[in-house]
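Report on the following structure.
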Amino acid sequence: MEKIKEKEGKPLDFIRQIIAEDLANGKHQKIITRFPPEPNGFLHIGHAKSICLNFGIKEENSGICNLRFDDTNPSKEEAIYVESIKKDVAWLGFDWGDRPFFASDYFSQLYGFAIDLIKKEKAYVCQLSPEQIREYRGTLTEPGRESPYRNRPVAENLELFEGMKNGAFPEGTHVLRAKIDMSSPNLNMRDPVIYRILKTSHHRTGDTWQIYPMYDYTHCLSDMLENITHSLCTLEFEDHRPLYDWILDTLETPCHPRQIEFARLNLTYTVMSKRKIMQLVEGNHVDGWNDPRMVTLSGLRRRGYTAASIQNFIDTIGVGKRDSWIDMTVLENSIRDDLNSSAERRMCVLDPVKVVLDNYPKGQIEELEAKNHPQKPDMGNRLIPFGRELYIERSDFMENPPRKFHRLGPGREVRLRYGYLVQYVSHITDKDTGEIVEIHCTYDPDTRGGSAPDGRKVKGTIHWVSAEKAVPVTVRLYDRLFIVENPEADKSVHFTDQLNSESRITLDGAMAEPCLADLQPGNSVQFERQGYFCADSNDWQDDAPVFNRTVTLRDSWAKRK
RNA sequence: UGGGGGAUGGUCUAAUGGCAAGGCAGCGGACUCUGACUCCGCUUAUCAAGGUUCGAAUCCUUGUCCCCCAGCCA
């Protein structure tokens, strides 16, 4: 059969090709996938790849996608993670219907299948210690040895396994193992452990069980019980596929999902593993799991990333089998794209310096009209107060500017956005610090709104706020967390020694146009000429606004310097 | 030195025996009341060597490099 390569003009990735073919040739009528997180941590952008893949396939094919918590290890898992995972998946924009599933829902059935395996002489209770099991397993190049317990009679296995279940033995003394092949070149097939004793309370089943099934055993059977058609997982499970298939084949299950592996996501200038993310939190290198510098979904959300931008990002990077590193700029670009069209424009001066308009009437305040979006008139206009005293960005003035500097300086005229054209008169410098404390200008009353009736061109347009009416706000400038592309590459340096010391810069003296104080936590706006910012969802107070910088605008001037 | 995977510009993805295409990054330019957006242009790639073929990124052979696996974690 001809391969199905694209849908609606867009090439299909290798997984979607397989699925399209399975549908076309009648192997499946309905596609069922699943997203199977372990509830032992918070979701990150890497999980988003799997979520978008599994739920995306469901949507594209009118199928089903289950959310299934892989909760087979009670010593690591907690209920709070279940809730945060649900929240993140829902936020990303996906719906698992009315049935969240748990591997722990299948514990009874799984136990039954284990008994079937014993009866088929395909599983046995082994009393080797963990150290001995490791020893007997052999190495990458040498075959393993068979356990002395391998050929126990079925009845004895049944009795011992029941004993394990009933708590007759301490942890570590007995395990149930699949009887496969101790000389297999694939270590996963050397009689893998499928049940272990764990006298730990489970977040859902409490103390009902003293034995818990292992991942390899649980996952394929859970997939089977849910009639999953395509079980998508990351590359490191490729070696586990023979075991996945062996268990289902041996139990002669009515349904046999196909496991397909794809490459996990790596992003430059960050770390993705749960363990490393945990270390950042526990070492207080960041402010918790939802620190806006983190690539956790909760962190990205708080940073101002939208679900659409993340879906779009995942869509852009594709799905393949090679180890790859996606450049952080691709993620940044996806949120710029989204916010460029959706975010209203505002003005906020991050590092203010005062400007006095010598010829502007003292005490006068007027309201000037500004567009909320320059390309979208339907987003409306707003009024901004203007007065004799203003603040502009310190970096928008130079005493000795270079030729290409389009901003304010001695002898220069600039436009105040949506305001007036102003002409430099003088400036005052602090004698001790050398810092510029005040700039004097005159304004041209004929240029109200920013256009010159005589048609004269002004190269620079800068943002401003009224000194009298502006509201002070806190602004947090976030940047990438690490100073190197791959913090894990250099094994001789600890990854936390490569943190970017300027990944968060807090500005307490920023001055914003008044209506910025009316935002709700989570709202995003563009600060013109600066970037996209959102009202922080944790720390925002109506009388003390806090903004997070989501991403800067592209800045070809900064690059030139 | 066993087994399982993978190699296409700086980076990610496409091509499924028939003109190596696109995104991001970079460089140059146009436009501009955001040095934004938008638009235009440009640089840069098939791991290597052989073979099959009118024609190879794609098929074959040999080799090289990279990733994963020796948890009672997932």
Side-chain angles (χ1 to χ4, degrees), chain A residues 2-3 5-6 10-11 13 17 36-38 40 70 72-73 75-77 126 128-130 133-135 137-144 171-177 184-190 192-198 212 214-216 218-219 233-242 261 263 268 274 316-334 336-337 340-341 345 347 370-371 373-375 404-407 415-419 421 449-452 458-463 485 526-531 552-560:
Chain A
E2 177 101 5
K3 284 205 170 177
K5 293 181 290 185
E6 55 180 54
K10 208 185 144 213
D13 59 68
Q17 278 184 39
E38 185 189 12
N40 72 341
D70 224 328
T72 57
N73 188 347
S75 57
K76 290 186 165 184
E77 297 148 7
C126 181
L128 254 23
S129 69
I133 287 184
R134 192 186 321 130
E135 207 176 295
R137 186 156 33 225
T139 67
L140 294 178
T141 51
E142 300 157 23
E171 284 185 17
T173 59
H174 297 64
V175 291
L176 185 70
R177 291 228 253 169
S184 170
N186 180 345
L187 303 226
N188 295 119
M189 299 299 270
R190 318 240 264 228
V193 171
I194 58 177
Y195 264 95
R196 77 287 213 189
I197 299 169
L198 244 33
Y212 292 91
M214 299 285 287
Y215 164 84
D216 284 310
T218 308
H219 203 87
C233 63
T234 43
L235 253 28
E236 68 269 27
F237 291 104
E238 234 159 0
D239 284 347
H240 296 239
R241 183 161 17 99
E261 309 84 10
T268 57
K274 266 184 201 174
T316 304
I317 61 173
V319 180
K321 293 198 71 153
R322 14 182 153 156
D323 296 314
S324 59
W325 283 85
I326 307 294
D327 199 293
M328 183 61 94
T329 57
V330 181
L331 213 211
E332 292 170 347
N333 190 257
S334 77
R336 271 197 202 104
D337 245 25
N340 177 45
S341 60
R345 314 285 122 129
M347 292 199 283
K371 294 173 183 168
H373 195 295
Q375 280 87 33
K404 299 260 182 167
F405 187 78
H406 297 159
R407 310 173 188 182
R415 170 168 33 240
L416 298 176
R417 175 139 240 231
Y418 301 122
L421 264 43
S451 46
V458 178
K459 200 74 173 151
T461 299
I462 63 176
H463 60 282
E485 285 201 347
Q526 184 194 99
F527 289 175
E528 294 216 21
R529 302 211 302 135
Q530 299 285 5
T552 62
L553 254 30
R554 282 203 190 84
D555 188 350
S556 55
W557 168 247
K559 240 180 253 167
R560 180 190 291 266

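Note: hydrogens, waters and symmetry copies are ignored here, and every other heavy atom, side chains too, is used. Letters go in sequence order (proteins before strands), and every chain restarts at 1.
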Phosphate oxygens OP1/OP2 of B/U13: is one of them under 4.0 Å from a side-chain N or O of A/R322?
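So the side chain of A/R322 is within the cut-off, an N or O lying under 4.0 Å from OP1 or OP2 of B/U13.
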Within this structure, what is the [atom1]-to-[atom2] distance between [X] and [N], rounded to whole angstrom?
X	N	atom1	atom2	result
A/W325	B/U13	CH2	P	14 Å
A/I317	B/G22	CD1	C1'	16 Å
A/K321	B/U16	NZ	C1'	17 Å
A/L331	B/C24	CG	C1'	12 Å
A/Y418	B/A36	OH	C1'	11 Å
A/I462	B/U32	CD1	P	20 Å
A/E142	B/G3	CD	P	14 Å
A/N333	B/C12	CG	C1'	13 Å

Protein heavy-atom contacts under 4.0 Å, written 5' to 3' over nucleotides 63-74 of chain B as B (base), S (sugar-phosphate only) or - (none), form the string ----SBBBSBBB
In which ranges does RNA chain B form stems of 3 or more consecutive Watson-Crick or G-U pairs, distances under 3.5 Å?
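Consecutive-pair runs (3 or more) involving RNA chain B: B:2-7 with B:64-69, B:10-13 with B:21-24, B:26-30 with B:38-42, B:47-51 with B:59-63.
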Mark yes or no for a side-chain to base donor-acceptor pair under 3.5 Å between [X] and [N], with no hydrogen or angle criteria applied.
X	N	value
A/Q530	B/U34	no
A/Q17	B/U16	yes
A/R415	B/U34	no

Nearest to the [X] side chain among [options], which nucleotide is it?
X	options	value
A/K559	B/U34, B/C27, B/G35	B/C27
A/T316	B/G23, B/G6, B/C37	B/G23
A/E238	B/G4, B/C12, B/C24	B/G4

I'd like the [atom1] distance from [M] over to [N], given in whole Å.
N	M	atom1	result
B/G22	B/U16	P	16 Å
B/G17	B/U53	C1'	9 Å
B/U1	B/U62	P	16 Å
B/U44	B/C54	C1'	31 Å
B/G18	B/A25	C1'	32 Å

Looking at every strand, decide which applies to A/Q526 at a 4.0 Å heavy-atom threshold: base, sugar-phosphate, or nothing.
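If one applies the 4.0 Å heavy-atom cut-off, A/Q526 turns out to touch a base.
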Pair A/I462-A/L416, side chain to side chain contact (heavy atoms under 4.5 Å, CB included): steps then yes or no
CA-CA 5 Å; A/I462 63 176; A/L416 298 176; 3.8 Å; yes
Side chain to side chain, A/R336 and A/T552, heavy atoms closer than 4.5 Å:
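A/R336 reaches A/T552 side chain to side chain.
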Applying side chain to side chain contact (heavy atoms under 4.5 Å, CB included) to A/R345 and A/K371, what does each step give before you reach the verdict?
CA-CA 7 Å; A/R345 314 285 122 129; A/K371 294 173 183 168; over 6 Å; no
